[in-house]
J.: 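Handing you a structure now.
Because only heavy atoms are used, hydrogens play no part in the values below, and waters and symmetry mates are left out as well, while side chains stay in. Proteins get letters first, then strands, A, B, ... in listed order; numbering begins at 1 in each.
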Amino acid sequence: MATLTADRKPALRKELEGLLGRGAVLSDPDELMVYESDGLTLFRALADFVVFPSSVEHVSAVVKLANREDLPFVARGAGTGLSGGCLPAEGGIVISLMRMNHVLEVDYDNQFAVVEPGLVNLHLSWKVGPEGYYYAPDPSSQQACTLGGNIANNSGGPHTLKYGVTTNHVLGLEVVMPDGEIVWLGGKTRDSQGYDLVGVFVGSEGTFGIATKIVVRILKKPQAVKTVLAVFDEIDHASAAVSAIIARGLVPAAVEMIDQLTIGAVEDAFGCGYPRDAAAVLLVELDGLAVGMETQVERIEAACRESGAREVRTAKDEAERQLLWKGRKSAFGAYGRVSPAYMVMDGVIPRTKLPYVLRRVNEIVDAYGLRVGNVFHAGDGNLHPNILYDPRTPGEEARVVAAGAEIMKVCADVGGSISGEHGIGLEKADFMPFIFSAADLELMQRLKHAFNPDGRCNPGKVFPTRKTCGEAGPVAYRPHAIEEQGLAQRF
Amino acid sequence: MQAAVLEKLRGIVGAPHVLTGVELSPYVVEGRTPEAAAFPGSLDEVRRVVTLAAESDLPIVPWGGGTAAAIGTPAPRAGLVLGLRRLDRILEHEPGDLTATVEAGRTMADLQSSLRERGQWLSLDPPDADRATVGGVLATNASGPRRHLYGTMRDHLIGLTVVTGEGTVVHGGGKVVKNVAGYDLPKLFVGSCGTLGVIVEVTVKLRPVVDDERLVAIPFERLKDAGAAVRTVMGSDLIPNAIELLDAEALRALGLMGAPAAMVIGFDGVAEQVAWQIQELGRLVQGAGGEPRPVSSDIWPRLGPAAAEAFAAPAAVMRLCVLPTQVGEVMEQGSATARARGLASAWSGHAGVGVVTGALAAGGERPAVTGVVDVLRDWRGIARACAGYAVLDSAPLAVKEAVGVWDDAGAAGRIMLRIKRELDPKNVLNPGRFVGSM
């Protein structure tokens, strides 16, 4: 791919402004810095341009221009990603979809909505809420992250245990292909014929094209919701309770675990009512019909007690329920109370391996002289060990990265995966061989080639590039430009 | 087939597992007899058979239980049937993980009965479960009435092992229920009709078996009224696991009731939930239709194919994918267009998800091909007018050729073709059978 020369840049800026209008193109290095990373600030790169299209025709025109100039391009939503997936290549064009944030159509009878990619996840639930509907996938960043970004990463969230991840809720996509062609994949009907192009596009981390319209399913809000808090003095007992709940034939909407270190941070920050002396708490949510709910809550409580819970209580009212969830959803932000920085891991393991893997995570982090907080989707075995560290201490960041690699290896060795919902991006690209053979990766490359033959669309992501993992050295931590200005914290 | 190739084939899988000549009669599709059938006993044997076939320019037809053998356009050359019936083991089932890894040749019924012994099930109920294999269900994206609540194979599949047309063993996905590492290769194989790889091992998510499950039927005077009732149910607090709409012919085939139309609806959960929902259903549809009546659970496996079973030998069966609210209307229109051309039809459908099946009667004397073709074209037109599409599930070859099995896939079809060329460059796997004559 070409590198843009300084004397060519003003002409291209002018052309982009002609396509998109004034105020829709950034090229000043100060402005570009805001877009040099996503939620993972370990990696940074500067684009030549950041553009703000407001229609599919705009996106297509920009992509065609990028092709003509042989420049790389990458789509970007809210930039809350945690794997460097929407990082620009050095140079090229960042296509921000934040102006394409409309709900275009809602069909309540057929239970779908057509939205633009820049729409914030939670805003869709707000839109359809008054009619008794909601959008099920609920990543912790749902107040900020966009549906386009969710499509790229196949995002999850606590309630995916019962309702599935993003891919289970997407029916159709209007896509600007990497050559600029506008194509519909799937549609509004539940089935579509031929290969499941929607299925492979979701989770392709922005390397197959740019979604410009998204058809998602909306669900009826459940009649009743109950949230149970179970308190454990031993983390192994909490892990055992997860299996016990499943063994009783229950499918809760969510089963979340929060460990002692995290409880301390959350209680400091919000006072959610988690007991500080507990080794771990489980947050178990049931939803569905009001009838029969008590029977199921009793089964959950019994499963927790028999696994050794010292206390089990059910939120009395919606206010208490919201408070319990606030602790869970805000845990990442609360780590700021106990550590200047942290790195979040995203491994997945078979549920029955939970006790073993949690022990190994603690041993590994201990061995590196670091601390770890765990807050995660225990019900589907999606771990989030958060390794705490101080970026100002020389060498500490390198130890974090090394410990993270070991944790991913443990997840892989027990038959798990290196990412459950955050994506591979740049961060984990070199760890793909932990779980995929050369032949597996080759087939993925061919699939990519079918969508993105020239490789200009989000280059450098997903696939391993460096020869060995040891060579993977992220740049030293620097606060993001907007953090420096006090406009945001990392979460 | 060259004798040398046949010899090599026998060398790989063992002579008793290679069929030729008259032994091939079960594998004749649309009057075409394959050149041989081979039944490998391991992943490695599959790999070697595919490699041999690819080297010998022999097209491969992956074969599970043969229940979907008539799907698609037959390949110009019948080639080699690669049967997976010997690969039928459950490789892993850890109940605490709610996952299982199974070989592709195991039948759905055998898988379900093993899982059920340990209190779990794969939440998928395609027809012909005693013959349909897990790999075949995956490859054809087959499903049944319970897809209303539980979804289709794409919602349960978390990993697979395939042999590509070049004889390479590839794993996609994994064994954990949540996984975004790399591209979602398993999705690519769902409904791919054996055109991208031979599916050998499959890993799926499971659910605990339900405490209680019941089916009820409500008769209606008109399909349109039944369709309106579906809308009422979908907008309510009820959580049915199936909502089927059936016309008089389909009802007759099931021996359910004599009514112009009926909604058959299923509920599961703890006993008190099932009971409450049936009661609430009665209240919701009061006045619109008759009283909900209990239906024997034996009827479950026959609900999906009800329309197709209405006639001893239907002239054609077509599947129309539309929006849920359009189902009643589509059935009425479809029925009327057939009648207008002098043919009887039967209709059933997964009303809550908008998948409708129309079957065309062969008539007293065999109707002219042109009459059948005209009706099927009308039906496809109805689906398209609903912004949907229609696929010809079964019909004589002449009808298939005239109507086209698959609907127009538009610009997406070009991407599919590119994928096929990337993944199966020698076009060894089920050539010509799929969308866009891939």
J.: If you count heavy-atom pairs under 4.5 Å between each of B:V355, B:T325, B:L188 and chain A, which one has the most?
T.: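 Of the options given, most contacts go to B:T325.
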J.: Select one option (side chain, backbone, both, neither) describing which atoms of B:V180 are under 4.5 Å from chain A's heavy atoms.
T.: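 The answer is both parts of B:V180.
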J.: Compare all side-chain heavy atoms of A:V202 with those of B:K187 and state whether any distance is below 4.5 angstrom.
T.: no
J.: Show, in sequence, the C-alpha distance, side-chain angles and deciding distance for B:D211 and A:R299, and conclude whether the salt bridge (Lys or Arg N to Asp or Glu O under 4.0 Å) test is met.
T.: CA-CA 13 Å; B:D211 283 19; A:R299 287 192 205 175; 2.6 Å; yes
J.: Quick check on A:F436 against chain B: is it the side chain, the backbone, both or neither that has a heavy atom closer than 4.5 Å?
T.: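 Looking at A:F436, just its side chain touches chain B.
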J.: Between chain B and each of A:H377, A:R351, A:M432, count heavy-atom pairs under 4.5 Å; write down the option with the most.
T.: A:R351
J.: Please determine, among B:G388, B:G174, B:S192, the option with the most heavy-atom pairs under 4.5 Å with chain A.
T.: B:S192
J.: Does any non-hydrogen side-chain atom of B:L323 lie less than 4.5 Å from one of A:F112?
T.: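 When only atoms from C-beta onward are counted, B:L323 and A:F112 do touch, with a gap below 4.5 Å.
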J.: Given heavy-atom pairs under 4.5 angstrom as the criterion, report whether the side chain, backbone, both or neither of B:V169 touches chain A.
T.: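 Contact with chain A is through the backbone of B:V169 alone.
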J.: I'd like to know if A:D109 and B:R231 make a salt bridge, using a cut-off of under 4.0 Å between side-chain N and carboxylate O.
T.: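 Yes, charged N to carboxylate O under 4.0 Å.
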J.: Kindly compute the distance separating CG (B:D155) from OH (A:Y163), expressed to the nearest 0.5 Å.
T.: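 It is 14.0 Å, given to the nearest 0.5 Å.
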J.: Taking side chain as everything from C-beta outward and backbone as N, CA, C, O, which of these in A:A439 sits under 4.5 Å from a heavy atom of chain B? Side chain, backbone, both or neither.
T.: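 Both parts, backbone and side chain.
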J.: Atom CG in B:D407, atom OG in A:S192: separation rounded to 0.5 Å?
T.: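 These two atoms lie 12.0 Å from each other.
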J.: Select one option (side chain, backbone, both, neither) describing which atoms of B:V270 are under 4.5 Å from chain A's heavy atoms.
T.: side chain
J.: Give the member of A:D191, A:D380, A:I424 that has the highest number of heavy-atom pairs under 4.5 Å with chain B.
T.: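 Top count of heavy-atom pairs under 4.5 Å with chain B: A:D191.
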J.: Below 4.5 Å from any heavy atom of chain A, which atoms of B:P324 appear? Answer side chain, backbone, both or neither.
T.: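 For B:P324, heavy atoms of backbone and side chain both lie under 4.5 Å from chain A.
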J.: What part of A:L441 is in contact with chain B, defined as an atom under 4.5 angstrom from a non-hydrogen atom: side chain, backbone, both or neither?
T.: neither
J.: Any chance you could measure A:E442, atom CD, to B:E166, atom CD, to the nearest 0.5 Å?
T.: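 The CD atom of B:E166 is 8.0 Å from CD of A:E442, to the nearest 0.5 Å.
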J.: Would you mind checking which part of B:R414 comes under 4.5 Å of any heavy atom in chain A, side chain (CB onward), backbone (N, CA, C, O), both or neither?
T.: side chain
J.: Chain B heavy atoms under 4.5 Å from A:N154: which part of the residue, side chain, backbone, both or neither?
T.: both
J.: Considering non-hydrogen atoms only, spot the tightest contact between A:E181 and B:A411 and give its length.
T.: OE2-CB, 4.0 Å
J.: Identify which of A:Q445, A:K221, A:K448 forms the greatest number of heavy-atom pairs closer than 4.5 Å to chain B.
T.: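 The candidate making the most pairs under 4.5 Å is A:K448.
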J.: Please identify, among B:R154, B:M234, B:K175, B:Q277, the residue contributing the most non-hydrogen atom pairs under 4.5 Å to chain A.
T.: B:R154
J.: Please classify the contact of B:E272 with chain A as side chain, backbone, both or neither, using a heavy-atom distance under 4.5 Å.
T.: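 Interface part for B:E272: both.
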J.: Which one wins on heavy-atom pair count under 4.5 Å against chain A: B:T99, B:V353, B:V435?
T.: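 The candidate making the most pairs under 4.5 Å is B:V353.
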J.: Does any backbone or side-chain atom of B:R421 lie under 4.5 Å from a heavy atom of chain A? Answer side chain, backbone, both or neither.
T.: neither
J.: Using the side-chain contact (heavy atoms from CB on, under 4.5 Å) rule, pick out the option among B:L185, B:V170, B:D184 that qualifies with A:M444.
T.: B:L185
J.: Determine the interplanar angle of the A:F463 and B:Y183 rings, folded into 0 to 90°, and report it as parallel if under 30°, tilted if 30 to 60°, perpendicular if over 60°.
T.: perpendicular
J.: Where does A:I435 contact chain B at under 4.5 Å (heavy atoms): side chain, backbone, both or neither?
T.: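 It is the side chain, since no backbone atom gets that close.
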J.: Taking the side chain as every heavy atom from C-beta outward, state whether A:V348 and B:N179 have any atom pair closer than 4.5 Å.
T.: no
J.: Where on A:K188 is there a heavy atom nearer than 4.5 Å to chain B: the side chain, the backbone, both, or neither?
T.: both
J.: I'd like to check A:R190 versus B:H350 (side-chain heavy atoms, cut-off strictly below 4.5 Å). Are they in contact?
T.: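 Counting from C-beta outward, A:R190 and B:H350 never come under 4.5 Å.
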J.: Looking only at side chains, do A:Q223 and B:D237 share a donor and an acceptor under 3.5 Å apart?
T.: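 Yes.
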J.: Under a 4.5 Å heavy-atom cutoff, which of A:L185, A:L443, A:V462 has the most pairs with chain B?
T.: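 Of A:L185, A:L443, A:V462, A:L443 has the most heavy-atom pairs under 4.5 Å with chain B.
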J.: Given side chains that start at C-beta, do those of A:I246 and B:P208 come closer than 4.5 Å, heavy atoms only?
T.: no
J.: Is there a donor-acceptor pair closer than 3.5 Å between any side-chain N or O of B:E94 and the backbone N or O of A:T352?
T.: no
J.: So what's closer than 4.5 Å to chain A heavy atoms on B:W276: side chain, backbone, both or neither?
T.: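 Interface part for B:W276: side chain.
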J.: Return the option, out of B:G96, B:A181, B:G354, B:A412, with the maximum number of heavy-atom pairs under 4.5 Å with chain A.
T.: B:A181
J.: Given the options A:V291, A:V175, A:L354, which has more heavy-atom pairs under 4.5 Å with chain B than any of the others?
T.: A:V291
J.: Considering only heavy atoms, which portion of B:T168 lies under 4.5 Å from any heavy atom of chain A: side chain, backbone, both, or neither?
T.: side chain
J.: Given that the side chain runs from C-beta out, which part of A:I349 has a heavy atom under 4.5 Å from chain B: side chain, backbone, both or neither?
T.: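 Only the backbone of A:I349 comes within 4.5 Å of chain B.
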J.: Could you walk me through whether B:I419 and A:L197 pass the side chain to side chain contact (heavy atoms under 4.5 Å, CB included) test, one step at a time?
T.: CA-CA 10 Å; B:I419 292 174; A:L197 298 183; 3.5 Å; yes
J.: Would you give the length of the straight line joining atom CD of A:Q193 to atom CE of B:M416, rounded to the nearest 0.5 angstrom?
T.: 7.0 Å
J.: What are the two closest heavy atoms between A:A450 and B:E422, and how far apart are they?
T.: CB-CG, 3.9 Å
J.: Which one, A:F451, A:F208, A:Y133, leads in non-hydrogen pairs under 4.5 Å with chain B?
T.: A:F208
J.: Which value, rounded to the nearest 0.5 Å, describes the distance between A:L289 atom CG and B:Q273 atom CD?
T.: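 Taking CG in A:L289 and CD in B:Q273, the distance rounds to 5.0 Å.
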J.: So, do A:R446 and B:T164 sit near enough that their side-chain heavy atoms are less than 4.5 Å apart?
T.: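 Not touching, per the 4.5 Å side-chain cut-off.
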J.: At a heavy-atom separation under 4.5 Å, does A:T167 approach chain B through its side chain, its backbone, both, or neither?
T.: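 Backbone plus side chain of A:T167, per the 4.5 Å heavy-atom cut-off to chain B.
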J.: Identify the two heavy atoms, one from A:P350 and one from B:V176, that lie closest to each other, and give their separation to 0.1 Å.
T.: N-CG1, 3.5 Å
J.: Given the options B:V391, B:T195, B:V274, which has more heavy-atom pairs under 4.5 Å with chain A than any of the others?
T.: B:T195
